[in-house]
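This report concerns only the one structure given below.
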Amino acid sequence: MAETPHRVLRPEPDRVSLILRYLRAYRQDFLLGFLCLVATNGLTLCIPWLLKDAIDALGRGGPPRRVAYDALAILVTAAILAAIRIRSRLHILGASRRIVYDIRNELYAHLLTLPASFYARRRTGEIMSRAVNDLMLIRSLFGPGMLSVMNVALMYSAALPLMAKIDPGLTLVAVLPYPLLLAGVFRVSRRIHQRSNAAQEQLAELSNKAQETLSGINMVKAFVREEGEAGLFGGLSREYRRSSLLLARSRGLILTLMRGLGGVSTLAALWLGGRHVIAGTLTKGGLVAFLSYLALLADPTVMMGWVLGVFQRGLGAIRRLEEMQAIRSDLPGDRVQGAGPVLRGSIAFRGLDFSYPGGGDETRPVLSGVTLEIPAGSTVGLVGRVGSGKSTLVQLVAAVYPVPDGTVLIDGHDLNVIPTGHLRAHVAVVPQETFLFSKTIAENIALGAPAATRQRIEEAAQVAQITRDLPDLPRGLDTLVGERGVTLSGGQRQRVALARALLLDPRILILDDALSSIDADTEEAILAGLRGIMRQRTTLLVSHRVSTVLAADRIVVLEDGRVAESGTAVELLARNGPFARMHRQQQIEKELEAL
Amino acid sequence: MSQPAQHDEEVLGKAYDARLVRRMLGDIAPESRLIVLSVGLMFVVMGAQLLQPFLFKLLIDDPILRGDRRGVTLLALSYVATLVVELAARFGQLYSMELTGQNVILRLRHRVFRHLVSLDSSFFDRYAVGRLMTRVTTDIESLADLFTSGVVSLLGDSVKLLAIVGILLWLDWRLACVAFALTPVLFLLSAVLRGRIRQAYRDVRRRIARINAYLQESISGMLLVQLFRREKVSTKEFDVINSDHRDAELSSVVYESGFSAIIELVGNVAIALMLWYGGGQILKSALTLGTLVAFLEYTSRFFGPIRDLSGFYAVLQAAMASLERIFALLDERPAITSPTTASRPARSYGRIEFDGVRFAYGSGDEVLHGISLRVESGERVAIVGATGSGKTTLIKLLVRLYDVSAGAIRIDGTDIRMLPLSYLRRQVGVVLQDHFLFTGSIASNIAFGAPTLPRERIEDAARAVHASDFIRRLPGDFSAAVRERGGNFSVGQKQLLSFARALAYDPAILVLDEATSSVDTETELLIQGALGRLLAGRTSLVIAHRLSTIVGADRILVMHHGRIVEAGTHRALLQERGIYHRLYQLQFGLEAPGSGPATLASPEVAS
Ligand SMILES: Nc1ncnc2c1ncn2[C@@H]1O[C@H](COP(=O)(O)OP(=O)(O)OP(=O)(O)O)[C@@H](O)[C@H]1O
Ligand SMILES: Nc1ncnc2c1ncn2[C@@H]1O[C@H](COP(=O)(O)OP(=O)(O)OP(=O)(O)O)[C@@H](O)[C@H]1O
Ligand SMILES: [Mg+2]
Ligand SMILES: [Mg+2]
């Protein structure tokens, strides 16, 4: 990233705007916290003053009561101080926690609105890293970062006037190195910014690798790839170490520079102040006091170096978050307001061309010129070779990817003018690949209708023939299924997904090769139950088995994203086209086997 | 699911656990030179810092009194010298510490990861990937914090503390006793608070782990969340765990703030006490004013390091909890390991024997109830049966993803538990039912098990499964990108790639578990043509629901509820008129008494 120096000095308005937005939202906390800090700083100064008073009294051999009073005053001050100190931290650190909570909720709510094309481009680890690591950085910015900024500002604004009162010239000389060194500091802090981004990216790479290896662990083991994967992981760890060390170098440099800044001021004061004392324009006591003020500022100055790092990294995190927040759903239906029309379930495709958005192969058409009319309540069987676009076509009905205006119509309404949520309320999909959540089987079935009664869940499970397996499952429908459903067999998972869709009682039912992992016997039982259900709704049925679609009202054969032919089984068999060929192939097998 | 506590985010983590530290020393030892360097440099920094006030004193007492401008310059120059030395040493100290930390965690991270991939599948059934990942990321990072936040300055602080205690005792032991009178109170208070803080941290950690797990699952299953319109419910669920986490964070803030404020308070109380007691002594002339002033000065310095130490406590505590979880993971012994003394035969002949195999997942019910079967070298055996009958389980046992509970599996007559794991798995090429592609390219996925495979062999494998047609059409053909879990391919395409991967592995035994369930019959037929050649000389096990897939098998086994209930050739099984016969009838739509064909026909349409 080619950044001009100004970028860092004056962060882009939007980044600052987020900071300001939250400072404003929690202004009461920050304000009170700030006032408390003012008070604590004042009270901290009171204690040495009381001490001085007591010691002076002791020096004069003064009244013992005075000393006792001073001691008591210190006690009281200390107690108040402690109370206020706690308050200051509660306000500011507490606000930082609440801000992180707000942002995390916002982020999650936003993630829920992002479309499939977004998730296709991003790796899970990357999104996780936004929600976890970046939020940590933001927390540091608003919590300890703000606290320190306020403290440092208070220290300076208290010390500088006092110093100027002692010797304005000397004060000027003492602060003279600041602008000079600050330029250097900003340069380094910009590097911190870049290097911290680089380190974050490396860390994300590392977690992605770990995640992928662990998710595919069975594959890794079966192919004896443990060593190889560990080697790759080791390579990434070394990369990460390298970028962490680069970052550490910049951070060390900035702390050192800040410490040097204090030192140079002291030096200037020492050298010039000494001369002033000799010249008689400054008292010795004045010089001592001046030096002790400078010493007081030394720690906050070093602290500033740390704070700069915190801010740089926090701003980087904010930028990444804002980038993500700026992404909007690419589904036109998501922008449509209102209740949406009544849907009965007829579907029409009119010259639909489609290619997957993003990812470099935008130009590769997956569907071209698909035109189909599907009356409400009918059953359409979709067949075609691997990769011919069946899954793509049926997913478009559920508005998973954006389509051109007027190419997909539901009950005569352009899909793009139906609110996505409304549409999806009428469509239930059994995806080709099953994804289960690590909940119980019953909870998975009730995914789309959390309020469903136990009876309805059991009915759905019955139709999907899950009931057959219940004796084998330790807690029946209340068995936990493990991550992605790993503790179920392939066919069991697929049937849970089927029950999940049936429970929705949709107008349009999409079964995308939904019985591929199920034996013929169970399939038959499922189909027997489905027949009644399907008669009342539009069903899109994708299958590789000719026999499964044979009786559909209409069969559509896709070839390379085009409709090669469509019609009833009888028509297609008579046409002697691709479907007849497929059918023959399966017949041939049958005859061979029947010999 | 009951989970052993040690893997949980529950681990309390003592602030200092000698046992853990001793274990960690093994990883730290190689860096001892760097550590010594860092400690040395820290003393240089401290020395330079001590020298600076002394220079001020010299300046004020001497050259200024004498009006010696050259003296002022000279002292200013010596100040510059100490400053330069201090800065250089400080940078060196910071950097050497960071280097130490990074080296230590690099080693540890690698070790943890290697260990993790060596654990067996039943372990992975129990723990979510998201959780395990934190062991190699967040947990390791919190160890790095330990180093960067300054274990070394901890040492410095302790030295300072001891020195101050010594000086105070030497100055006036009675007054010193007053100064220290409050330390027991301090210890008591902090002991109480620390328990609370630890509890609060534990809550924070546990709840953030929950947030992460939830997020991870939501992101992976986002399409379903959206298709099933769970957005509102999810938002609510997320808000619950998010606000739980916030509340835990807030109470940790309360304790943390209280802790540091109380230490400050105790320091000030000590000063007040000393003033009161010392003042009395002075008035009785039992003490000089100078001593009291010195005392007050030192006491205020005494509580500084204590506060720093308490700040460090949080980091230390987090690091110890992480360390404990990491070591608990490292202590987890893989249940499935290579035998130590194992002969390593050359290529297997491919004879497989299951002998009375029984198996249960974890502590669950038995899934396989005494499976016995023999597959001869070069034989082609098919397994069919209802879903959930245990077919996939059989395969997982064959490659020892799990070990049998009773009975034995033998390859070429040797119990597979006596064979080196890598040898066993090198002989068996599997297409698992849960196909899985890795981020990378098509070529890297096909060559997954044999990374050095030449390009022609990769292309051969792709051609054999008829994947080359679609691969050729991709931009960059074999180097075309594969996204996370193969998300940019159709399911059938993914299966073909997994199939090609197994073929490219060139195994003696090929196992296909529903390898072509999402592949069209036409492609399947083409593959079968090619397979005849490819399978020559190999033993193969084919699991499929679609009977067309198992055409040409020498023998067919039918599984039912964890048992092999029928076995024989296609013809023999048909004559038996058992389960296989019924499946066959159903699938090929032949007349079977009492049941219609497996079509969607409402009976009247089917005719
Ligand atoms: N990791 C696991 N932990 C616990 N139980 C499991 C696990 N994997 C499978 N099971 C159970 O073991 C039984 C057999 O499962 P398996 O996967 O072997 O069946 P399958 O014959 O391959 O079925 P399908 O045809 O559906 O793939 C099922 O009841 C399943 O619920
Ligand atoms: N998310 C995606 N991004 C980019 N390309 C994709 C994506 N999903 C699928 N494709 C490509 O689009 C084409 C059609 O895929 P689709 O999944 O619709 O095929 P299909 O007919 O369902 O095949 P199968 O029978 O294997 O399920 C394929 O060439 C595939 O590689
Ligand atoms: Mg598909
Ligand atoms: Mg299976």
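A, B, ... follow the sequence lines: proteins, then strands. Residue 1 opens every chain. Predicted model, so just to flag it, every value in this text is computed and none were measured.
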Residue part contacting chain B, namely of A/Leu488, when any heavy atom lies under 4.5 Å: neither
Whatever's closer than 4.5 Å to a heavy atom in chain A on B/Leu275 counts as both
Between B/Leu215 and chain A, with a heavy-atom cut-off of 4.5 Å, which part of the residue counts as in contact: side chain, backbone, both or neither? both
Under 4.5 Å from a heavy atom of chain A, the part of B/Phe448 involved: both
Shorter than 4.5 Å, heavy atoms on both sides: which option in B/Arg109, B/Arg546, B/Lys391, B/Glu514 has the most such pairs with chain A? B/Arg109
Option that, when pairs with chain A are counted at under 4.5 Å, heavy atom only, ranks first among B/Glu98, B/Arg90, B/Glu522: B/Glu522
Sort out for me which of B/Ile282, B/Val399, B/Leu227 touches chain A most, counting heavy-atom pairs under 4.5 Å. B/Leu227
Among B/Met133, B/Glu86, B/Gln433, B/His110, which residue forms the greatest number of heavy-atom pairs with chain A at distances under 4.5 Å? B/Met133
Side chain, backbone, both or neither of B/Tyr361 within contact of chain A (heavy atoms, under 4.5 Å): neither
At a heavy-atom separation under 4.5 Å, does A/Ile47 approach chain B through its side chain, its backbone, both, or neither? side chain
Under 4.5 Å to a heavy atom of chain B? For A/Leu245 that would be both
What part of A/Arg238 gets closer than 4.5 Å to chain B, counting heavy atoms only: side chain, backbone, both or neither? both
Checking A/Asn105 against chain B: side chain, backbone, both or neither under 4.5 Å from a heavy atom? both
Examine whether an atom of A/Leu436 lies under 4.5 Å from a heavy atom of chain B, and if so say whether it belongs to the side chain, the backbone or both; otherwise answer neither. backbone
Quick check: do A/Phe437 and B/Ser218 have side-chain heavy atoms less than 4.5 Å from each other? no
B/Ile579 versus chain A, heavy atoms under 4.5 Å apart: side chain, backbone, both or neither? neither
Between B/Leu87 and chain A, with a heavy-atom cut-off of 4.5 Å, which part of the residue counts as in contact: side chain, backbone, both or neither? both
So what's closer than 4.5 Å to chain B heavy atoms on A/Leu291: side chain, backbone, both or neither? side chain
Residue part contacting chain B, namely of A/Ser207, when any heavy atom lies under 4.5 Å: both
Under 4.5 Å to a heavy atom of chain B? For A/Glu227 that would be side chain
Shorter than 4.5 Å, heavy atoms on both sides: which option in B/Leu224, B/Leu94, B/Thr137 has the most such pairs with chain A? B/Leu224
Side chain, backbone, both or neither: which part of B/Leu421 has a non-hydrogen atom closer than 4.5 Å to chain A? neither
Need one label for A/Ala222: side chain, backbone, both or neither, based on atoms under 4.5 Å from any heavy atom in chain B. both
Which portion of B/Ile208 sits near chain A, non-hydrogen atoms under 4.5 angstrom: side chain
Honestly, the part of A/Arg581 sitting under 4.5 Å from a heavy atom of chain B is side chain
Heavy-atom pairs under 4.5 Å with chain A - which of B/Arg114, B/Gln216, B/His561 has more of them than the others? B/Gln216
Can you tell which part of A/Leu112 gets under 4.5 Å to a heavy atom of chain B, answering side chain, backbone, both or neither? both
